[in-house]
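Per chain, numbering begins at 1; letters A, B, ... match sequence-line order.
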Amino acid sequence: MFQVRIHGRGGQGVVTGAEMLSIAAFLEGRHAQAFPSFGSERTGAPVVAFCRIADKEIRLREPVMEPDALIIQDATLLHQIDVFAGLSPNGYVVLNTNRSFEELGLGELFKRFRPERLITVSATDLSFKYVNRNAPNVPMLGAFAAASGLISLKSVEAAIREKFSGKVAEGNIAAATEAYNIALAAKEAAHA
Amino acid sequence: MLKQCEGSHAVAEAVALSRPEVICAYPISPQTHIVEGLGEMVKAGEIKDCEYINVESEFAAMSVAIGSSAAGARTYTATASQGLLFMVEAVYNASGLGLPIVMTVANRAIGAPINIWNDHSDSMSQRDCGWIQIFAETNQEAADLHIQAFKLAEELSLPVMVCMDGFILTHAYERVDIPTQEQVDKFLPPYSPRQILDPAAPVSIGAMVGPEAFSEVRYLAHAKQMQALELIPKISKEFEEIFGRNSGGLVRPYMLEDAETVVIALGSVLGTIKDTIDEMRADGISIGVLGINSFRPFPVSAIRRALSHAKRIVVLEKSLAVGIGGIVATDVRMALDGLDKRIYTVVAGLGGRNITRSSLHRVFRMAMHDQLEALHFLDLDWNIVNKEVDRERTTRRSGPIAENILRDLGQTKSNVG
């Protein structure tokens with residue numbers, strides 16, 4: 001079972017992101033479960049959502065406490081909550097920022113985790129570029145697909161089309177694709 | 001067709017496939033997505049010959065449901081928590097009148113203190129209201145149970161409450177096989193009422209009955225619920241024949257045959273319990289779980305039979321009967337009357353507290369070694385409790401408990417996550 005925890009703020013599509021990830025995995029014939037950490041969500045408040053992916057029925061209903069991957073949609077959360085709590089030493093981190101981990105003072109992450117699995121992507125910029133609003137959830141999924149190799153970009157596109165239609169869907173697909181390519185290049189550079 | 005969708009959406013689709021004629025509801029979290037979904041389907045003309053009635057409150061929702069069901073319409077509503085409490089007078093009337101309304105309760109705690117999260121307090125508060133109460137373990141089962149519920153309700157002429165964990169199920173995306181209209185039509189015949197308000201053949205429904213016959217009417221309500229003990233497994237079997245999967249029934253055993261320790265629970269927590277039991281079995285521990293699907297009627301014989309080999313029982317429930325302890329546990333004790341078995345009550349998951357495998361491992365192992373107290377509150381934070389107890393002992397005007405505790409915790413609003 002592969003467990004993903006998504007951190008963000010109310011209004012950034014955190015829950016929708018987890019749902020789309022589960023749809024993408026489902027479309028690849030896998031079992032998937034997505035759910036939010038329930039609360040009185042408010043715009044700007046910290047929000048967490050989870051997604052589990054497995055090859056058999058998922059019965060577990062506890063929150064994801066030991067994630068295999070973290071998708072962090074808002075870098076300002078790093079100072080507010082321990083987003084890295086429970087992350088597996090082999091875990092993936094996809095962080096939405098236009099700075100580097102070192103610039104954010106997170107250089108020590110490279111000692112705790114595998115550097116080639118730590119990816120940054122300017123998802124907010126990409127969402128403004130393609131859908132003209134702060135919706136980093138979709139490009140983050142594109143970056144996650146590249147970083148983890150767990151789901152294909154094609155499945156992410158199909159999941160986007162289940163949630164959105166028309167121009168919004170096309171814009172989001174373009175954003176996810178660019179994020180995917182950025183993350184793929186970063187991953188390959190780390191391996192080189 | 002297999003779909004990856006939200007639990008609420010799956011339930012809305014299952015209800016729509018059941019060809020309801022009247023849907024009346026007042027939105028309340030975590031039920032909202034179900035009735036919103038149905039409202040959209042009615043508006044789009046996807047549900048034929050169905051009227052969606054926006055009402056001004058839950059009391060009105062159940063009152064309209066009573067009226068439409070008495071007029072011969074297949075009727076559906078949904079609620080949760082305070083909404084269920086607000087409609088209670090009409091809830092009792094619906095069952096007393098024998099009207100086969102189907103209602104989803106998206107289980108949520110009851111205030112005060114205000115809490116929008118999941119537990120079973122709402123449904124449990126209505127355990128004696130005369131409705132059949134069935135609990136879903138997964139979103140697939142929640143969808144399936146709604147289709148079964150209409151059949152069960154209409155065959156007995158009794159209302160059925162389908163209970164599903166609020167948020168944990170209603171807001172979870174998972175794989176659900178949504179049946180075809182042909183399958184549902186084959187399983188569920190059109191509603192043929194036992195009693196109907198028909199201008200062509202006028203009757204009145206809702207007579208006043210005095211001491212001369214009130215007990216007899218009440219006895220018949222009980223006898224009718226007892227019939228459901230036969231009907232629920234039968235309907236579950238018919239369902240399996242048409243839809244090809246097992247859903248519903250009275251109880252659901254897992255790893256039970258040789259289990260010395262047996263856990264009893266209801267609803268979605270059964271999944272986490274099963275995973276925990278698999279891990280404990282791998283360590284050679286003799287443990288299993290019995291899920292209760294039908295809480296009303298309470299399947300006394302089925303439970304007694306299933307637990308015949310068990311040495312000890314751990315009833316894990318998301319509800320609390322203040323002043324005595326467990327609600328489910330009290331009924332289980334009755335089912336096991338005269339048998340020599342230890343019975344532990346574990347109150348867990350109140351107001352949305354997460355029930356984790358690690359906590360379950362701990363409490364099940366304590367029970368296994370008979371080190372558990374008769375009534376245990378899972379993961380209770382004694383620091384919080386003792387601080388308030390101290391305050392009340394030392395200060396007369398100690399103030400409101402909830403506010404005191406939040407101040408102790410250093411937060412003015414509940415934390416998320």
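Heavy-atom neighbours of chain B within the stretch residues 111-135 of chain A, taken at a separation under 4.5 angstrom, are nonexistent. By a heavy-atom distance cut of under 4.5 Å, P63(A), M65(A) are the residues of residues 63-89 of chain A near chain B, going up by number.
Atom OG of S37(A) and atom NE2 of H171(B) lie 12.0 Å apart (nearest 0.5 Å). Expressed to the nearest 0.5 Å, how far OH of Y173(B) lies from CG of L21(A) amounts to 12.5 Å. If you take CG on L60(A) and OG1 on T272(B), they are separated by 5.0 Å, rounding to the nearest 0.5 Å.
Residues I168(B) and F35(A) have side chains not in contact (no heavy-atom distance under 4.5 Å, counting atoms from C-beta outward). Put simply, the side chain of F26(A) reaches to within 4.5 Å of the side chain of R175(B), judged on heavy atoms. Under the 4.5 Å side-chain criterion, counting only non-hydrogen atoms from C-beta, I355(B) is not in contact with E62(A). Side-chain contact between R59(A) and D278(B) is present, with at least one heavy-atom pair separated by less than 4.5 Å.
Neither the backbone nor the side chain of N115(B) comes within contact range of chain A; no heavy atoms are under 4.5 Å apart. In this structure, the portions of T138(B) lying under 4.5 Å from any heavy atom of chain A include both its backbone and its side chain. R30(A) touches chain B through its backbone: at least one of N, CA, C or O sits under 4.5 Å from a heavy atom, while the side chain does not. Residue I273(B) does not touch chain A at all, counting heavy-atom pairs closer than 4.5 Å.
The 12-atom threshold is not exceeded at CD1 of I114(B), counting heavy atoms of other residues, nucleotides or ligands nearer than 6.0 Å.
When the candidates L2(B), V269(B), L270(B) are compared by the number of heavy-atom contacts under 4.5 Å with chain A, L2(B) comes out ahead.
Minimum heavy-atom separation, Q4(B) to A32(A): NE2-O, 3.0 Å.
Here E174(B) pairs with R61(A) in a salt bridge; the nearest charged N to carboxylate O distance falls below 4.0 Å.
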